[in-house]
Amino acid sequence: MQTYTIKAEENPHREGHRGYHGTGIIHSIESCGTVDGPGLRFVLFMQGCMMRCLYCHNRDTWDMHTDKAQEMTVEQVMKQVLSYRHYLKATGGGVTATGGEPLLQYEFIRDWFKACWEYNIHTCLDTNGYALHYDGILDDLLDHTNLVMLDLKQIDPEIHKVLVGIPNTKTLKFARYLAERNQPTRVRYVIVPGYTDDDHSAHLLGEFIGDMENIETVELLPYHELGAHKWELCGDEYKLKGVKPPPKETVLHIKEILEGYGKNIIY
Ligand code: SF4
């Protein structure tokens, strides 16, 4: 097993990040996912998230440590990845790190993506942009990431706080960093009635990403209630109970607004 000495100034344990000893804390694995990036994907759902989205469909990933989480080395994960390698490649797919928030375990993801690159396997980081440290580890991870899928939940800071529970400053900083690096990025935008489905929010998003040439596409994701039962299992109240998915006309209208900022829209 690999072990790493973490310098004091890089110690990711301070706020959110866990100390790294060569293993990742994994919520679950999906061997042939179809919605987390191009083609068929081997998807790792990482444990831990600092956001508290009202619509979270993975409520059970929030805590870093739970009874059900499994701790795995890169070697153990790669053994599984390699058994699916040919299926993944045949469909133009690869692997995706999601969660929870994979950046909270960025050293593990860095090591995993590096291992994938040794086999020429496409890597995708599905993130909410909650990066705590801009250091060599993050750059190394991004250097081995083929595609970032960045959730931009709401550009308006006040609505973001209500919807996500925390400010959006870290996410916006990360988006700008990706643009500076010219990192291939797909933005994901969840259309939540009453929170992100209005013209003003769509224009704010369009203005924010309009000049970012690294953003190839924007994926519109209509809100759905599918993860609500997990909140109850965790003993929490699901506050969006009764909120219906947005009508198709709303999604098409937002698509049109964002196309006005020169972006390709996937819906
Ligand atoms: S960022 Fe993702 S995992 Fe975290 S609370 Fe929001 S939806 Fe859930």
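Both ligands and their constituent atoms are indexed starting at 1 by order of listing. The first residue of the sequence shown is numbered 1, and numbering continues consecutively from there.
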> Would Met50 count as a contact of ligand 1 if the rule is a heavy atom under 4.0 Å away?
Replying inline: no
> Do NZ/NE/NH1/NH2 and the carboxylate oxygens of Glu259 and Lys255 come within less than 4.0 Å?
Replying inline: yes
>> Taking 2.8 Å as the cut-off, does Cys56 contribute an N, O or S atom near atom 8 (Fe) of ligand 1, distance below it?
In response: yes
> Quick one: does ligand 1 sit under 4.0 Å from the side chain of Asn128, the backbone, both or neither, non-hydrogen atoms only?
Replying inline: side chain
> Among all protein non-hydrogen atoms, which one is nearest to atom 4 (Fe) of ligand 1, and what is the separation to 0.1 Å?
Replying inline: Cys49 SG, 2.4 Å
> Is Tyr130 in contact with ligand 1, taking contact as a heavy-atom separation below 4.0 Å?
Replying inline: no
>> Closer than 4.0 Å to some heavy atom of Lys153 - which atoms of ligand 1 meet that?
In response: 1 (S), 6 (Fe)
>> Looking only at protein heavy atoms, which one is nearest to atom 3 (S) of ligand 1, and what is the separation?
In response: Gly100 N, 3.5 Å
>> At less than 4.0 angstrom from any non-hydrogen atom of Trp62, what atoms of ligand 1 do you find?
In response: 5 (S), 8 (Fe)
> Is His57 touching ligand 1 with its side chain, its backbone, both, or neither, if touching means heavy atoms under 4.0 Å apart?
Replying inline: neither
> Do Thr123 side-chain atoms and His144 backbone N/O form a donor-acceptor pair below 3.5 Å?
Replying inline: yes
>> Given 3.5 Å as the limit, does a donor-acceptor pair link the side chain of Asn168 with the main chain of Gln154, or not?
In response: yes
>> Can you confirm whether more than 12 heavy atoms, excluding those of Glu213, are under 6.0 Å from its CD atom?
In response: no
> At a non-hydrogen distance cut-off of under 4.0 Å, which region of Cys53 contacts ligand 1 (side chain, backbone, both, or neither)?
Replying inline: both
>> Testing Thr196, Leu172, Thr171, Ile209 one by one against Ile155 for a side chain to side chain contact (heavy atoms under 4.5 Å, CB included), which residue passes?
In response: Leu172
> For the side chain of Asp197 and the backbone of Gly194, is there at least one donor-acceptor N/O pair under 3.5 Å apart?
Replying inline: yes
> If you measure from the Lys or Arg side-chain nitrogens to the Asp or Glu carboxylate oxygens, is any gap between Lys68 and Asp63 under 4.0 Å?
Replying inline: no
